[in-house]
Number of protein chains: 2
Amino acid sequence: MATRTGRPQRRNQVLSRERIIETAIELLDAGGESALTTRALTERLSTGSGAIYYRAGSRDELLDTATETVVTAALAAKPAGAAATPEDEIRTVALALFDAIAEHQWLATRLTLQIVRKPFGPVTVGIFERIGRQVGALGVPQASWFDAASTLVHYILGAVSQNARIDGDTSTVQPDRAEFLEATATAWQALAPEDYPFMHAIVGRIREHDDREQFLTGIAIVLDGLTRLG
Amino acid sequence: MATRTGRPQRRNQVLSRERIIETAIELLDAGGESALTTRALTERLSTGSGAIYYRAGSRDELLDTATETVVTAALAAKPAGAAATPEDEIRTVALALFDAIAEHQWLATRLTLQIVRKPFGPVTVGIFERIGRQVGALGVPQASWFDAASTLVHYILGAVSQNARIDGDTSTVQPDRAEFLEATATAWQALAPEDYPFMHAIVGRIREHDDREQFLTGIAIVLDGLTRLG
DNA sequence: AACCAATTTGGTGCGCCGCTCCAAATGTGT
DNA sequence: ACACATTTGGAGCGGCGCACCAAATTGGTT
C-alpha cells in the first residue's frame with residue numbers, strides 16, 4: 001500500500017497519442033488535407049477507429065493538434081548568432097514559419113482557420129507572443145505595440161500562407177519549381193495587355209525572383225514602416 | 001433557311017448557372033463551407049444533382065466560382081471622392097475585401113486556397129493587377145514594383161483573412177462582438193504572466209481596439225515602408 | 001403540324017466518409 | 001485470484017460527392 005497514485009495512468013502504451021499525431025502529419029504531408037481519413041489512419045496504425053477517437057478526438061481536433069504541433073516546433077527556432085537583434089529574431093521565426101508551411105502545405109488553410117476560430121488557442125497566442133515581444137526592442141512605443149504586432153503577424157502569416165509551395169530546401173524539388181515559374185510567366189504574358197498593364201510590366205521579374213528573398217524584403221519594408229510609429 | 005446559327009444557344013433557362021452560384025453563396029454564408037452540399041442545393045433549387053453538375057461542375061469548382069464572384073465584386077469598388085490618390089485606391093479596395101470576408105467568412109480559407117493552387121486564375125491576377133497598378137503612382141521605382149505589390153497583397157490578404165469575423169456593419173451583430181472581445185481579454189489575462197509578458201502588456205488594448213482601424217493603421221505602416229524603396 | 005437531334009433535366013446508386021456505440025481485451029489494486 | 005477501470009478493434013449508421021442515365025424539353029427543319 002505504498003502507492004498513493006491518484007491515477008493509475010501509465011500502461012504499455014502500444015498506441016500513443018503522439019504516434020497518432022505523427023502519422024496524421026505524415027498522411028497530410030503526403031496527400032493533403034483530404035488524405036487524412038479515419039480509415040487511412042486505422043490502416044496505417046493497424047487499429048480501429050474507436051482507439052483513435054479515444055486518444056485524439058475528432059478529425060477536426062486532430063487537424064488542430066497537428067497544426068499546433070508543427071507551429072510550436074517552428075516557433076522554437078532561435079537565431080544562430082550570439083547577439084541577436086530583434087530584427088534577427090523576427091526574421092528567424094518568420095522564416096521558420098515559411099519553411100514549416102513549405103513542408104506542410106496543408107497548414108496554409110488550417111492556420112488561418114485556427115486563428116479565426118480560436119483566437120486564444122495556443123497557436124494564435126504563441127505566434128503573437130513570440131513576435132510581439134520583439135516590437136518593444138524595435139523602439140515602438142508601448143501604446144502602439146498591439147498595432148505593430150498585429151501588422152507584423154498579419155503580414156508574416158499572409159505571405160507565408162500565400163507562398164505554400166514546395167520549395168523549402170534545395171534538395172530534389174527544384175525542376176517543378178522552374179516549370180511552375182515558367183507556366184506562370186507564360187500565363188501572365190497571355191493576358192490582354194490593355195486590361196492587365198501591371199502584370200505585363202512585372203512579368204519579366206517573376207522568372208528571376210526568389211520567394212524567400214522577396215519575403216525578407218517584405219519584412220524589411222514592414223519593419224521600416226514600424227520605426228515611424230510614434 | 002435564313003438562319004446561320006452555328007449554335008442554337010439560348011433557351012428558357014429555368015435553372016441558370018448564376019442562380020446556382022447565388023444559392024451556393026447563400027448556403028455558404030448561412031452555414032459555412034460544410035453547408036454547401038449537393039443535396040442541399042438540389043433541395044433549394046428543387047432539381048437534381050445532374051443538372052447542377054451540368055451547369056456548375058464539381059463542388060470544388062463551384063466553391064472556386066463563388067469565391068471568384070465575391071472577389072470580383074469587391075475589386076470593383078471605387079473611391080468616393082473625385083480626385084483619388086493611389087493611397088485612397090489601395091485603402092478602398094482593401095476595405096472592400098475586408099468587408100467581403102466579414103460578410104462571407106468561408107472566403108478566408110478559400111481565398112488562400114485559390115491563390116496557392118491557381119496563381120494565374122482570375123482571382124489571383126485580378127487582385128494583383130488592381131493593387132499593383134497603384135504602386136507606380138506611389139513613387140516606387142519600377143525595379144521594385146513586383147516586391148512592393150507582393151508585400152501589399154500579402155499584408156492585405158493576410159490581415160483580411162485573419163479578421164474573418166462577423167462585424168462588417170453596425171446592424172445587429174454588435175453584442176456578440178463585445179462578448180467576443182471580453183472573452184478574448186479574459187483568456188489572455190488568464191495566461192501565466194511570466195510566460196506571456198507581451199500578451200499581458202497589450203491586453204488592455206484589445207477591448208478598445210477596432211479591427212477596421214487597426215487594419216488601416218497596418219496599411220499605413222506598409223505604405224510608409226514602401227516609400228523607402230529605391 | 002410533325003419530326004428529329006441536341007440539349008438539359010431529375011434521380012438512383014456506388015463507394016467513401018466521419019463518427020457512435022459496444023463487446024472484448026488488457027491492464028491495475030487488493 | 002478476483003473485481004474493476006481503462007483501452008482497444010470493429011461493425012454499422014447516416015450522409016456525402018459524384019458518375020451515370022433514361023426521360024423530358026427544346027429549337028430548327030420540313
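Reminder, nothing fancy here: chain letters follow the sequence lines and each chain counts from 1. Worth saying up front: this structure is predicted, and the values here are computed from it rather than measured.
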Rounded distance (Å) that lies between atom [atom2] of [N] and atom [atom1] of [X]:
X	N	atom1	atom2	answer
B/Arg17	C/dT8	CZ	P	13 Å
A/Leu63	C/dC19	CG	C1'	15 Å
A/Asp60	C/dC19	CG	P	8 Å
A/Glu33	C/dC17	CD	P	14 Å
B/Leu41	D/dC16	CG	C1'	13 Å
A/Glu61	C/dG18	CD	C1'	13 Å
A/Ile52	C/dG18	CD1	C1'	12 Å
B/Leu36	D/dG15	CG	P	17 Å

Does any N or O in the side chain of [X] come within less than 3.5 Å of the main-chain N or O of [Y], such that one atom is a donor and the other an acceptor?
X	Y	value
A/Glu129	A/Val125	no
A/Arg130	A/Leu75	yes
B/His209	B/Ile206	yes

OP1 or OP2 of [N] sitting under 4.0 Å from any side-chain N/O of [X]?
X	N	answer
A/Arg39	C/dC19	no
B/Thr38	D/dC18	no
B/Tyr53	D/dA19	yes

Options D/dC18, C/dT9, D/dT6, nucleotide nearest the side-chain atoms of B/Arg59:
D/dC18
Taking the minimum atom-to-atom distance to the side chain of A/Ser49, which one of C/dC19, C/dT8, D/dA19 wins?
C/dC19
When you match B/Tyr54 and A/Ser34 each to their closest nucleotide on DNA chain C, which lands nearer the 5' end?
B/Tyr54
Close side-chain approach of A/Ile127 and A/Ile156, heavy atoms under 4.5 Å:
no
So B/Leu45, base contact, sugar-phosphate only, or nothing? Heavy-atom distance under 4.0 Å.
nothing
Parallel, tilted or perpendicular, as decided by the 30° and 60° cut-offs, for the rings of A/Phe198 and B/Phe128:
tilted
